[in-house]
Number of protein chains: 2
Amino acid sequence: MNLTLVTFLPIFRRMNKPIQQRTLKTRAKLLEATRAIVAEVGYDGLRTEQVVKRAGVAKGTFFAHFRDKDALLDILIGGDMLAALDDMAAQPAPRDLNQIMDRLNPLMALMTSNRTVFDVILRHSGAAAIETIGPIAESFGRMIEVFAAWFTPDGDHPFRTDVTPELLAEGVQAFMLQALGLQFCALHNALSVDERLGPYLQAWLLPVR
Amino acid sequence: MNLTLVTFLPIFRRMNKPIQQRTLKTRAKLLEATRAIVAEVGYDGLRTEQVVKRAGVAKGTFFAHFRDKDALLDILIGGDMLAALDDMAAQPAPRDLNQIMDRLNPLMALMTSNRTVFDVILRHSGAAAIETIGPIAESFGRMIEVFAAWFTPDGDHPFRTDVTPELLAEGVQAFMLQALGLQFCALHNALSVDERLGPYLQAWLLPVR
DNA sequence: TTCATCTATTGACCGCGGTCAATTCCTTCC
DNA sequence: GGAAGGAATTGACCGCGGTCAATAGATGAA
């Protein structure tokens, strides 16, 4: 029963009412069942009916806990992303392009582990058709913070200083998404992600003009 | 019966067989019905059952012509995007940032006209969960060509020349998507698209270092 | 014209995400 | 303890995207 469970729980709850124990139990059962099924058949094969069956609850209970199926995926995938970002932030700031790519690697591996996952991430990142912000959207905000910390003016980094760290960070995010997106595109998968991202970041962070 | 109709038609067709007239008729009816419904209730309210009812054909006929509902949206939205790109390519190459934003405006307006539309575009752009390439993916390729033409070394433009035109173009695309995506995000819609894209492009195309 | 062989169309059917009125369970107050 | 008043849970039900065996229609050969 970790913090993540509690954090995103009381979606439709009145503010001042206590959370019943069974609620936490049920939610934990649903998440655990989901993780087990994903481990067995992957995200593509995930069916809410299987989740509730495995968790031993009724269909309606699922939707009392999660707005829809996407919200559940958001929590699982977003949780993984936030964890990857924590690892990233714990490392020393990168001091050249190769180090940046190293830092980005685990997160990118996660995001491209499968098409469905990347699709969910894209939807929740731009928050295209999503009303509320969830863990994935949060992790995109967090990502900017982590990147921007690499480019603070006081830490002496070798990268361009004519623009704000936040702007640099948003650029890194944009190029990362571009590289990942093209990776899944039938037209442009000749190059690897690194081969594509490298020139982007070189041109973005170290322009010669 | 324009070219677009014919171009994307024979998905599952043997190569050397003639196309029956009724096939074209049916397809045209389906597309026309779709356009009419979208005009009335928007993309969100589009239902395949309504489309086939209005077109006067059976449900199965729809899926004999389009792989799925998304493929139909791909054709409609991608068609609009390609048209916008044609207009863009017909104009003289922009010579400063403001002109670039002017050129991009119609396309961006189209892409952000509604959440569902942007969602479809995102899915088909990165081709996240899509197997085949359709008009939207094609338009993303086309976009790079049009942008790259603005940055050819021989046309004397004021932008940076330390990287290839294609790379510059891909960057413009990445920043455009980033700006549009953040527009739909509940966290970051304080700034307008232009206010966000301007600094991106300034930093990307005119770095001072 | 007739027959054989394709192709296009049909509509009953299915899977699955999501809803909601009814029910059970928990907490609080007397 | 018992009653009142939520809060959580239930499962029959629905909407809609997508399938497929069966049927109708087109085409070319004899």
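Proteins get letters first, then strands, A, B, ... in listed order; numbering begins at 1 in each. Everything numeric in this text was worked out from a predicted model, so none of it was measured.
In this structure, A/K59 atom NZ and C/dT19 atom C1' are separated by 10 Å, rounded to whole Å. Nucleotide C/dT9 holds its P atom 11 Å from the CZ atom of B/F66, rounded to whole Å. Atom-to-atom, NZ of A/K25 to C1' of C/dT24 comes out at 17 Å; the value is rounded to the nearest Å. Summarising the geometry, the separation between CG on B/L30 and P on D/dG18 is reported as 14 Å, rounded to the nearest angstrom. The distance between atom CZ of B/R22 and atom P of D/dG25, rounded to the nearest whole Å, is 8 Å. A/Q21 places its CD atom 12 Å from the C1' atom of C/dC26, with the value rounded to the nearest Å. As a whole-Å value, the separation of B/L72 CG from D/dG17 P is 11 Å. Atom C1' of nucleotide D/dC13 and atom CZ of A/F62 are separated by 18 Å, given to the nearest angstrom.
A sub-4.0 Å separation between OP1 or OP2 of D/dA8 and a side-chain N or O of A/T26 is absent. For the pair B/H65 and C/dT9, the criterion of a side-chain N or O lying under 4.0 Å from OP1 or OP2 is met. In this structure, A/T23 does not reach the D/dA7 phosphate: none of its side-chain N or O atoms is under 4.0 Å from OP1 or OP2.
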For this session: Run the numbers on A/R123 and A/D119 for salt bridge (charged side-chain N to carboxylate O under 4.0 Å, His left out), then give the verdict.
Result: CA-CA 6 Å; A/R123 267 210 305 284; A/D119 197 34; 3.2 Å; yes
Exercise. Run the side chain to side chain contact (heavy atoms under 4.5 Å, CB included) check on A/M81 and A/R142 step by step: do they pass?
Worked result: CA-CA 10 Å; A/M81 290 178 66; A/R142 184 84 207 292; over 6 Å; no
Name each donor-acceptor pair under 3.5 Å that joins a side chain in residues 97-111 of chain A to protein atoms two or more places apart or in another chain, with its distance.
residue : atom : partner : partner atom : Å
A/Q99   : OE1  : A/R95   : N            : 2.7
A/R103  : NE   : A/P92   : O            : 2.9
A/R103  : NH2  : A/P92   : O            : 2.9

Return all side-chain donor-acceptor pairs below 3.5 angstrom for residues 165-176 of chain B, not counting sequence neighbours, or 'none' if the list is empty.
residue : atom : partner : partner atom : Å
B/E170  : OE1  : A/Y200  : OH           : 2.2
B/Q173  : OE1  : A/Q178  : NE2          : 3.2
B/Q173  : NE2  : B/F140  : O            : 3.1

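An angle of 0°, rounded to 10°, separates the two end axes of the helix from C/dT1-D/dA30 to C/dC30-D/dG1, each defined over five pairs.
Qualifying side-chain hydrogen bond (donor to acceptor under 3.5 Å, both in side chains) partners for A/Y43, counting only residues two or more places apart in sequence or in other chains: none. Remark: B/A149 engages no residue in a side chain to side chain contact (heavy atoms under 4.5 Å, CB included) (not counting sequence neighbours). Shown here are the side-chain hydrogen bond (donor to acceptor under 3.5 Å, both in side chains) partners of B/D96, two or more places apart in sequence or in another chain: there are none. Remark: B/T112 engages B/L180, B/F184 in a side chain to side chain contact (heavy atoms under 4.5 Å, CB included) (not counting sequence neighbours).
Note on residues 48-66 of chain A: pairs passing salt bridge (charged side-chain N to carboxylate O under 4.0 Å, His left out), not counting sequence neighbours, are A/E40-A/R54, A/E49-A/K59.
Residues from residues 37-48 of chain B placing a heavy atom under 4.0 Å of any atom in DNA chain D, listed by number, are B/L46, B/R47, B/T48.
Counting distance only, with no hydrogens placed and no angle test, the side-chain atoms of B/K69 and the base atoms of D/dG18 include no donor-acceptor pair under 3.5 Å.
Nearest to the side-chain atoms of B/Q20 among the listed nucleotides D/dG11, D/dA8, D/dA26 stands D/dA26.
Mapping A/E49 and A/V57 onto DNA chain D by nearest heavy atom places A/V57 at the nucleotide closer to the 5' end.
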